[in-house]
Student: 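Sharing a structure with you now.
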Amino acid sequence: MSARSIFLALAVLPAAALAQGFAGLGTNADGFAIPQPDPQFVFPADHGPHPDFRIEWWYLTANLTGPDGTDYGLQWTLFRSALRAGTGDGWQSPQLWMGHAAVTTPDAHFVTERLARGGIGQAGVIADPFRAWIDDWQLSGASDWSDMTLSASGPSFAYDMTLTAEGPLVLNGADGYSVKSAEGLSSYYYSRPFLDISGTLTLLDRPVPVTGHAWIDREWSSQPLSQAQEGWDWFSLSFETGAHLMGYQMRQTGGSTYTTATWIEADGVATSYPDGAFDARPLDFTTIADRTVPTTWRVMLPERGVDVTVSALNEHAWMTTSIPYWEGPVSVSGSHSGKGYLEMTGYDGD
Amino acid sequence: MTVAGLQALLSHWRRNPWQLFTMIAGLAMATALWSGVQAINAEARASYDRAANALGQGQYAQIVGRDSAPLDQAQYISLRRAGWLVSPIVEGELDLEGERFRLTGIEPLTLPRGADAPAPLELSALAGFIAPNGEILVHPDDAGTLANTDHSFRPDPGQTRGTLTADIGLAQRLLKTDAITMLLVLPDQPLGQPPLSTIDPSLVLVEGQGQGDVARLTESFHLNLTAFGLLSFAVGIFIVYGAIGLAFEQRRPVFRTLRTLGLPLGRLLALLAVELTLFALAAGAIGIALGYIFAAALLPDVAATLRGLYSADVTDTLTLRPAWWLSGLAMALGGTAAAASGAFLRLNRLPLLASTQPRAWAADAQSSHRRMAIIAAFLGLVGALFAAFGSGLLAGFALLACLLIAAALALPLTLDLMLRLGSRLARGAVPQWFWADTRQQLPGLSMALMALLLAMAANIGVSTMVSSFRLTFTGWLDQRLASELYLNTTSPEEAALLTGYLEDKVEAILPIISIDTRIGDLPAEIFGVLDHATYRDNWKLLDAVPLVWDRLAAGDGVLVNEQLSRRENLSVGARLGHDTVLGVYGDYGNPAGQVVLGMDAFHARYPDVAALRYGLRTGVADPKAVADDLRRKFDLPPDALVDQARIKAVSLQVFERTFSVTAALNILTLSVAGFAILISLLTLATMRLPQLAPVWALGLTRARLAALELVRAVCLAAFTGLAAVPLGLGLAWVLLAIVNVQAFGWRLPMYLFPLDYLHLGGLTILAAFLAALWPALRLARTQPDALLKVFSNER
């Protein structure tokens, strides 16, 4: 087993870790802090890291359009994973960092990954002024996330983007306390769904100017998994009406699911929905890397009259990272139309 | 019929167990020597690969400080932040439990995939590895030694003995440094990466090589071993050839009977092939087992040699690797096929009702001698072409191969000429019969004698090379280690303190100051030397400009060692960078290139490098008294002061171990040749009765006949020995003047050691005598009726 996969097995991607049969992590917090109900977030401090929690991420996805109308997807993620709670100087720091960056076009998917130790300056997050970085990749700007720049590079692609906030932060679950399973496993979880983004993608040395819409997720936790959970399917959808929908289902052994959703009005007013309100069913599958992955979905939130078909822009948006998963842009049609992002983890090889 | 045929064929071996033993033993010995050598090579290469993978040496490009200055952590971070995907490595020596270990610190998250963490780090282990007091990976054999230390160790067969691998954080703490030794550059770098020079001009990018430096440097050593293994194999195959040929000849009546009973020729050949394949597999398996034992016995010496000569870490425990045992089996099969091909061809051409005369195979000896001589002449020509136009180590070995095979092929004709001369000089019936009969024996013995020739020539050649090397090396050590005492300090402060104290107590204090660098992408060292009589008087330069030491002191240029001079084609007067080469000096036993600068020039160029080692010329003072005084005064550890004699002893020890492998192979090859003679004589003895019976009937007693047999064996061995001397010296010349230069980068003067050759000649004659003794005794005890039967049997 390579050092990289060990890193991942330490559960930066909870469902992926589950998929590896590494379920123990999910139920035992080992001296780490545990999310409590009724959180009182303090900004900008909470944009920064929470080293007493086991895992944390800064997750940006964007739907982009080129000058010729071509659709693109962009992902930039910084994960933090702690071997032990707390901080330390230099190499003694128990904090580990991982970055994933990807660009999806209708017929190509570029992925790259970075790993770093905490404590030595190679990667980290500072809240004020905001700066999240690993190696030369960076998401940085004003402490209120109103204006930021974003960059990443890989062997065959790079991007350089500017972000402008158009709406408020949205707290998912109960004021940012998000329950993940019937047993009560939980995380702190908030989103920033209203961001304009523009800049340049470099694809195999070819520059492409793009504009579009971005979404940032922030989540941290110490025990987000239940032993019975196999993986998850996560949707962030932006409708042409200006409303947004975040919904996901945790797939449990035996075929049952645990679902959560947040409906966000165009003015930023958000409503959370408990288990069962949101429904997602696979319509069509694609075989990628010896796995069968659903790439067309029927997604429903009946209380908001949502009944849409969600289709992958590129069905082969497979993240060939240390622990692989599917993540890519989608288009939405049906009761509502729009664009969005889909992440699916825990799909084992056949 | 097939089964009956096979039974009939196999019954021959039941009736002639000796022949079976000969064939199996010959093949097993040949395979043993070959697979033993291959096992050693495979083990060493696996060790290099392990080391190269663990450190990524060679495989990956590296970033190092200019002039090997260590890097600091901020430089690592600034490179990563600029988009350079690099992984830090720290290396150093660590004393634990009285033993010195080489500690490598790695950063598992950024380490290139191919150079993955050297142990199969399990899921739970990364946390244990990265932890502040994390696990240190250690070879299982070393784990016991370290059991009582404060650290936690994890036995890992992937480690080389004497090395430890730890997380970089822990390694830095243990080595008491914040520095990084080098950065490995990952193969896939991102787009838009700025050039290294704009990020940090003090860093140097060293391109990776296909294989590590160590593998490159030691390649010649392994090629040497392989060549030796091949030679031993060839000698062994001579035995097999003899045994198979004889068995075929003796079974002619059986073949004829089987054929007349209706067994088709094709099936007969197939049955014989099956029979030989079975023998080859059996002998191959025995050979591989013997080879394993042989390699296991020699490996510690080889490992010590490689460590001493090249600082290459090779484990001294042997693993069964498919690479070498498969190659051993293949060689056994291939060798048998080669040895049997002639016999098969003859059988294929054999008329159905051919005479069963066992001497038929020797009948046209004359023409076959001539044929072999023609091939020998041709090979000699090819060899001359290699000598004239070839370059590189392989050409050197090709020349050796041509030389040896040509000489072996020319041997029967040469011996025939010598014997003819003998018979011409002979007076009286018995001597004349003796010479004529010896000539008659020649075809049957020639294979064994060729084997003897090769073994002796190899012995003479290699011992001449080793002895020449030893003579040159010890002389060179005397020149080089002129200072009576060598002082090692740990810091410039300590150095200043100690040299200050010694100022008026010794005649001269000569700093030994150097930095490691690379020239032409290979490791090299740059030294600074004071202008002192020690160098002027003791260093023998191979070539130099007039007033070389004055010009060196004045900073006019540099001296280079012979290795560098040959490698980079730098003769006196050539330019090395901005410097003129003022002289070339011999530097035996050092794989790296060396450049010597005057001390002032060195300081001007490398102001940050301080000397930590010093040579002390004690002059009239007693070195021991000086050493004792210094130790007492400053409470120095034992290795802070080393006397000249000890360094010489250590150097010579390395040297002797280097060639202990060669010596062992030499003895083994000679034993195989001796065995070949024994076997040939034994088999000939059974066929010789018809030739001896008439002589016996004419009045020569059996004892006299037996004595003559012994004299004959000794004569033939002596003649072969005489032929082996010039061949061996030619071999030595090729080894010293061509192979050695290619392999090590220096040329050694050739010395002759007549007493050694005489000694070897004596040994050979003794071996031939012993080999002939048993057949002779058997002859002396042959019952008269057996001799009489010769006349009654219809032949």
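To find a chain, count down the sequence lines: A is the first, B the second, and so on, and within it residues start at 1. Keep in mind it's a predicted model, so treat the numbers as computed, not measured. Only this structure's heavy atoms are used, side chains among them; waters, hydrogens and symmetry mates stay out.
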Student: Under a 4.5 Å heavy-atom cutoff, which of A/Ala158, A/Gly88, A/Pro94, A/Gly121 has the most pairs with chain B?
Tutor: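 Greatest number of close heavy-atom pairs with chain B: A/Gly121.
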Student: For the interface with chain B, which of A/Ser156, A/Gly90, A/Ala152, A/Gly119 has the highest count of heavy-atom pairs at distances below 4.5 Å?
Tutor: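 Of the options given, most contacts go to A/Ser156.
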Student: Quick check: are there more than 12 heavy atoms from other residues, nucleotides or ligands sitting under 6.0 Å from CG of A/Asp68?
Tutor: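 Enclosed.
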Student: Taking atom CG of B/Asp178 as the centre, does the number of heavy atoms from other residues, nucleotides or ligands within less than 6.0 Å exceed 12?
Tutor: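 Counting neighbours around CG of B/Asp178, 12 or fewer heavy atoms of other residues, nucleotides or ligands fall under 6.0 Å, so no.
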Student: Is there a donor in the side chain of B/Gln73 and an acceptor in the side chain of A/Trp91, or the other way round, less than 3.5 Å apart?
Tutor: yes
Student: In this structure, are over 12 heavy atoms from other groups packed under 6.0 Å from A/Asp89 atom CG?
Tutor: no
Student: Can you check whether anything in residues 189-197 of chain B gets within less than 4.5 Å of chain A, heavy-atom wise, and list it by number?
Tutor: B/Gln189, B/Pro190, B/Leu191
Student: If the contact rule is any heavy atom under 4.5 Å from chain A, which residues of residues 166-173 of chain B qualify, in numerical order?
Tutor: B/Asp167, B/Ile168, B/Gly169, B/Gln172, B/Arg173
Student: Among A/Gln122, A/Arg114, A/Arg117, find the one that has a side chain to side chain contact (heavy atoms under 4.5 Å, CB included) with B/Thr110.
Tutor: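 One option only clears the test, and that one is A/Gln122.
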Student: From B/Ile130 CD1 over to A/Leu96 CG, what is the distance, rounded to the nearest 0.5 angstrom?
Tutor: 5.0 Å
Student: Could you pull out all residues at least two apart from A/Thr61 that satisfy side chain to side chain donor-acceptor pair (under 3.5 Å)?
Tutor: none
Student: Specify the closest pair of heavy atoms between A/Leu115 and B/Leu109, including all atoms of both residues, with the distance to one decimal.
Tutor: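 Between these two residues, the closest heavy atoms are CD1-O, 3.5 Å.
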Student: Looking only at heavy atoms, which of residues 131-141 of chain A get nearer than 4.5 Å to chain B?
Tutor: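 At a heavy-atom separation under 4.5 Å, chain B is reached by A/Arg131, A/Trp133, A/Asp135, A/Asp136, A/Gln138.
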Student: Distance check, rounded to the nearest 0.5 Å: A/Ile120 atom CD1 versus B/Arg80 atom CZ?
Tutor: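 So the CD1 of A/Ile120 and the CZ of B/Arg80 are separated by 8.5 Å.
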